[in-house]
Amino acid sequence: MKTIMVDMDDVLTYGRFTDILEDYLGYKPDYEGLNSFYMQDALGDKKKDFFEKFKSKNVYEDATLLPDCYDVLKKLSKVYKIYICTDYIWREIVEYSGDSLKNKFNFLHDKLDFINPRNYVFTADKSIVNCDIKIDDKLENLFGASQKLLFTAYHNKRLSKDELAEQNVVRVNDWKEIEKLLLNDFES
Ligand SMILES: [Mg+2]
């Protein structure tokens with residue numbers, strides 16, 4: 001059975017980080033213009049104050065899975081071994097990362113009842129994960145896989161099809177596209 005590493009944030013769920021950030025700022029920042037993987041870089045010198053207020057919040061409270069994610073992942077789990085791999089460390093408030101880890105675990109356990117918690121991998125360094133297929137919105141995290149699927153996010157939109165093809169990466173925009181790519185071979 002082939003293995004798939006699936007990222008959590010911005011692939012399975014958006015969490016509520018964006019809402020909390022925009023509520024704090026009082027407007028929606030130009031994320032694409034930021035040219036950064038980290039949305040919080042839009043905060044500039046307000047970062048410290050923001051994280052002081054943010055550290056007690058659970059971004060997964062009331063968060064939902066992305067459309068079709070549950071059904072497609074469940075189908076995939078019948079023919080592939082699924083590992084959910086997610087970074088849990090907040091760079092700005094490292095000492096609160098234990099809370100983040102707990103919130104992530106609870107969300108996964110609650111929403112994806114068919115995936116064994118043994119298959120959760122909590123790490124910021126996904127290069128150590130050896131899976132045949134990797135699905136992530138961060139290009140670097142696809143390293144090492146023989147099939148690499150980049151999930152579209154504001155920070156990777158500017159990567160062209162040709163640039164991605166050079167690195168053997170295919171862009172996916174939603175879970176239906178993942179289904180088409182990974183389940184076609186199994187359908188009779
Ligand atoms: Mg992600």
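In this chain, numbering begins with 1 at the start of the sequence shown. All ligand and atom numbering here is 1-based and tracks the order in the structure.
Evaluation of the salt bridge (Lys or Arg N to Asp or Glu O under 4.0 Å) test over residues 30-43, restricted to residues two or more places apart or in two chains, returns Glu32-Lys157, Asp41-Lys47, Asp41-Arg91.
Excluding waters, the set of protein N/O/S atoms under 2.8 Å from the Mg ion (ligand 1) reads Asp7 OD2, Asp9 O, Asp137 OD1.
Residues forming a side-chain contact (heavy atoms from CB on, under 4.5 Å) with Arg16 (at least two apart in sequence, or on another chain): Asp19, Ile20, Asp62.
Of the residues Asp110, Asn103, Asp9, the one that meets the side chain to side chain donor-acceptor pair (under 3.5 Å) test with Tyr60 is Asp9.
Within 6.0 Å of the CG atom in Asp68, the count of heavy atoms belonging to other residues, nucleotides or ligands exceeds 12.
A salt bridge does not link Asp136 to Lys148: none of the charged nitrogens lies less than 4.0 Å from a carboxylate oxygen.
In this structure, Tyr38 shares a hydrophobic cluster with Phe37, the cluster being traced through Ile, Leu, Val, Met, Phe, Trp and Tyr side chains under 4.5 angstrom apart.
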